[in-house]
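Report on one structure; see the data block that follows.
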Amino acid sequence: MAVSEEGFPARKRRPSAGAFVSPSFSDKKLIQSLFLLSQEISSLPPLRILLKKSSSSITRKSKLLSIFFEELLRYPVNIFPPSAALCFEELYIVLQRIKILLEDCSGCSKMWLLMQTPSISNSFHQLTGELSTLLDIFPGKDLNLNEDVEELLNLIKKQCLEKASDLDSKDENLRVQVLKMLDDIKKEIVPESSKLSEIFDRLNLHDSTSCSTEIENLEDEVQNQSDDKTKSDIVALIGLVRYAKCVLYGASTPRTTSRRRKSAADVNFPADFRCPISLDLMRDPVVVSTGQTYDRSSISLWIESGHNTCPKTGQTLAHSQLIPNLALKNLIAMWCRDQRIPFESTETNVKSNGIVLNKTALEATKMTVTFLLNKLTASQSPEALNRLVHELRILAKTDSDSRACIAEAGALPLLVKILGSEHPNLQVNAVTTILNLSILEANKTRIMETDGVLNGIIEVLRSGATWEAKGNAAATIFSLTGVHGHRKRLGKKTHVVKGLLDLAREGPTNTKIDAMVAILNLAGDREAVRKLIEGGVVDMVAEVMDSLPEEAVTILEVVVKRGGLVAIAAACHQKMMKKLATIMRDGSDRAKESAAATIVNICRKGGSEMVSELASIAGIERVVWEIMGMGTGRAKRKAGTLMRILRRWAAGQIEDHVNIEQSMTMTMNSTRIVLPG
């Protein structure tokens, strides 16, 4: 079978402390707690789809126990015999476990519950046995129970001793059917619609919305598990549900609900989770030789661009090896899960040595993609097209195998036709699908080489129907610039540069950031920097520096560093100097670093006139001193360089129109004093 019975262990859930330790109450208070707990269990919603017999049986026993404890509360005894008190404490623990099991069953995925019916049914049986044992040793005679209470206790004992009902045959038959269907999918046998419908009707999954909720529940189960094999098996169920959802109920209408999974742009994430290069949430944090952490894609791009220094500290990298920061990655993954943000680096198809362990999930994905693309090629209304493309968008977001399947099946030429749609939501879904596809490295080349795709993205960037469409087009450009050759090609396109700069000026905050991270990546290429300067990148930075100081000054630092004298000339004006000085005083640590580094480059290459403008800013020396004392390591070094430049200028050692870097070099050669950079 594709998924073995052993592949579905008991669900990993963190029970409350009460499931293991009884409360330290007085005897009477403990009876009160037992009464309330048994009442709570008996009032839980019954399981109506699976495990009905087992759950209803233990719920009835809890109801009888609540009556028994209520009778004990009426007794005038405040202290019970030690043996009775011990039984009460153990009963409390067992009842807590019963409550957790029932809540677990009612709140989890139906498919997941179905796969676990044998083990969960056995758990109900074991808990009933523990109740029976405790009631057998309960010293009822020592309590002088009246006849009615004695009869009630005997009734509960009798019910606990009754032979537990076997696993419901309907549940077991349904489970076998699902396992057989998963096995058929693994063998590339397309499931029959009638059998799919029968299974999903039985599980009460009879519309697109309930299937979408089921997929979300299964995705939560993946996060609850620590075993890779179990995660992989659950993903097979996700693939089955997703396929059935499309085939039985059609592509779903995009939902906007409280359970909607957010993106990182929707929330403020901790500063330690932000990549110092891209300024975005890190998905795959790695450590370089200097001990600094970056997102793998960003630092790899930095190194591939010819840099041999650490972007944050400026130190030379001893080697280019990237060490995974697993501790931070786990923290980010946990935070994303709490915020309901997809964590892209968590691949649902577990792989080892490049081999797909779960062929069932892969084949289910292929079947789903084939179905959706066949529908997409048929004549459809804009609303129907929107639902189909939205399904592709969701699928492209899940994992690398899904992205590969969609691109290999020929989705890109179909999506190109939709990029120019006048239907705003359809355009957003189309460009976002391409964005999600571009995460896979192989798809970047497909996007660049498929006729019309790149031009379509650029057109959406320039004149998309909504800010969201424009922002996602900018994010796609950013993703494509992860490949050095693509970055050079994109940096030469005037429409790309102008579109990004206009978006950074005019868009809402999230869209501005999408554009600015793409600009930052383009600035890694010298030819692209020239295009950016010609397009007015320095003016754009000046416009957005008040609202997005960290992003703006980071771009300016790279442009000034790589753009030569042309960039210096563009940045050399009093307003820019004042803005940079303000950021050095009030900005974040990262922004202060970039501002100081930018001013150093401007002063070194701009001559004494630039130093004069810097020196004329009130309180600048105090700001520099503060950074030298309390800044980060890199900021301290840059501030130290600035202080030396200012003192040399004050002493008249920097002549007009002389490159300061050359002047400092001549002085160092003559005095043989080595100054830190």
Side-chain angles (χ1 to χ4, degrees), residues 264-282 285 287-288 290-295 298-299 302 309-315 325 328 331-332 335 478 504 508-521 523 537-538 540-561 571 575-602 614 617 619-643:
D266 294 330
V267 294
N268 292 321
F269 48 86
D272 290 341
F273 295 173
R274 183 193 298 267
C275 174
I277 298 175
S278 69
L279 307 178
D280 199 3
L281 182 72
M282 287 188 281
V287 180
V288 297
T290 59
Q292 300 297 323
T293 297
Y294 303 92
D295 203 19
S298 298
I299 190 62
W302 173 267
T309 57
C310 173
K312 193 169 184 179
T313 66
Q315 295 173 275
N325 190 335
L328 180 59
L331 285 174
I332 296 173
W335 179 83
F478 166 73
T509 301
N510 287 342
T511 306
K512 284 178 184 284
I513 293 174
D514 287 330
M516 292 176 79
V517 294
I519 291 169
L520 183 61
N521 255 16
V537 67
V538 176
M540 180 277 291
V541 166
E543 290 177 33
V544 304
M545 195 172 281
D546 291 336
S547 58
L548 294 169
E550 192 164 316
E551 292 82 356
V553 76
T554 303
I555 289 174
L556 186 62
E557 177 190 358
V558 177
V559 168
V560 166
K561 184 176 181 180
K575 287 184 180 179
M576 181 64 78
M577 275 294 197
K578 286 184 177 179
K579 285 178 179 288
L580 290 171
T582 300
I583 290 175
M584 284 180 63
R585 185 187 64 207
D586 302 328
S588 65
D589 287 344
R590 167 68 174 166
K592 287 178 179 179
E593 282 183 16
S594 292
T598 303
I599 294 176
V600 166
N601 278 325
I602 290 174
L614 177 65
I617 298 172
I620 187 62
E621 287 203 13
R622 179 183 179 85
V623 171
V624 174
W625 270 114
E626 287 179 354
I627 294 178
M628 288 175 65
M630 297 183 295
T632 62
R634 180 174 182 246
K636 287 178 179 178
R637 289 194 300 276
K638 296 299 179 182
T641 301
L642 273 181
M643 185 60 71

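Just the heavy atoms: all of them, side chains too, but no hydrogens, waters or symmetry mates, feed the values below.
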Quick one: closest heavy-atom pair of Ala635 and Ile627, and the distance? O-CG2, 3.5 Å
Is the side chain of Arg590 donor-acceptor paired with the backbone N or O of Pro276 at a distance under 3.5 Å, no angle test? yes
Kindly compute the distance separating CG (Leu614) from CD1 (Ile602), expressed to the nearest 0.5 Å. 9.5 Å
Where Ala515 and Ala504 come nearest, the two heavy atoms and their spacing: CB-N, 3.8 Å
State, with a plain yes or no, whether a side-chain heavy atom of Lys592 is found less than 4.5 Å away from one of Glu626. no
For Val544 and Ala552 the tightest heavy-atom approach is CG2-CB, 3.9 Å
With rounding to the nearest 0.5 angstrom, report the OG to CD1 distance, Ser547 to Ile513. 9.0 Å
Report the distance from atom CD of Glu551 to atom CD1 of Ile519, rounding to the nearest 0.5 Å. 11.5 Å
Minimum heavy-atom separation for Met643 to Val624, with atom names? CE-CG1, 3.6 Å
Do NZ/NE/NH1/NH2 and the carboxylate oxygens of Glu593 and Arg634 come within less than 4.0 Å? yes
Once rounded to the nearest 0.5 Å, what's the spacing between atom CZ of Arg274 and atom CD1 of Ile332? 12.0 Å
Check whether Lys636 reaches the backbone of Met628 with its side chain - one donor and one acceptor, N or O, closer than 3.5 Å. no
What are the two closest non-hydrogen atoms of Ala581 and Ile599, and how far apart are they? N-CD1, 4.4 Å
If you compare all heavy atoms of Val559 against all heavy atoms of Ala523, which two are closest, and at what distance to 0.1 Å? CG2-CB, 4.5 Å
Point-to-point distance, once rounded to the nearest 0.5 Å, from NZ of Lys579 to CD1 of Ile583: 8.0 Å
Separation between CE (Met584) and CD1 (Ile620), nearest 0.5 Å, reads 5.0 Å
Between the side chain of Asn325 and the main-chain N/O of Leu328, is any donor-acceptor distance below 3.5 Å? yes
Under a 4.5 Å cut-off applied to non-hydrogen side-chain atoms, are Val558 and Lys561 in contact? no
Are any non-hydrogen side-chain atoms of Val553 and Glu557 less than 4.5 angstrom apart? no
Would you say the side chain of Leu556 lies within less than 4.5 Å of the side chain of Leu580, judging by non-hydrogen atoms? yes
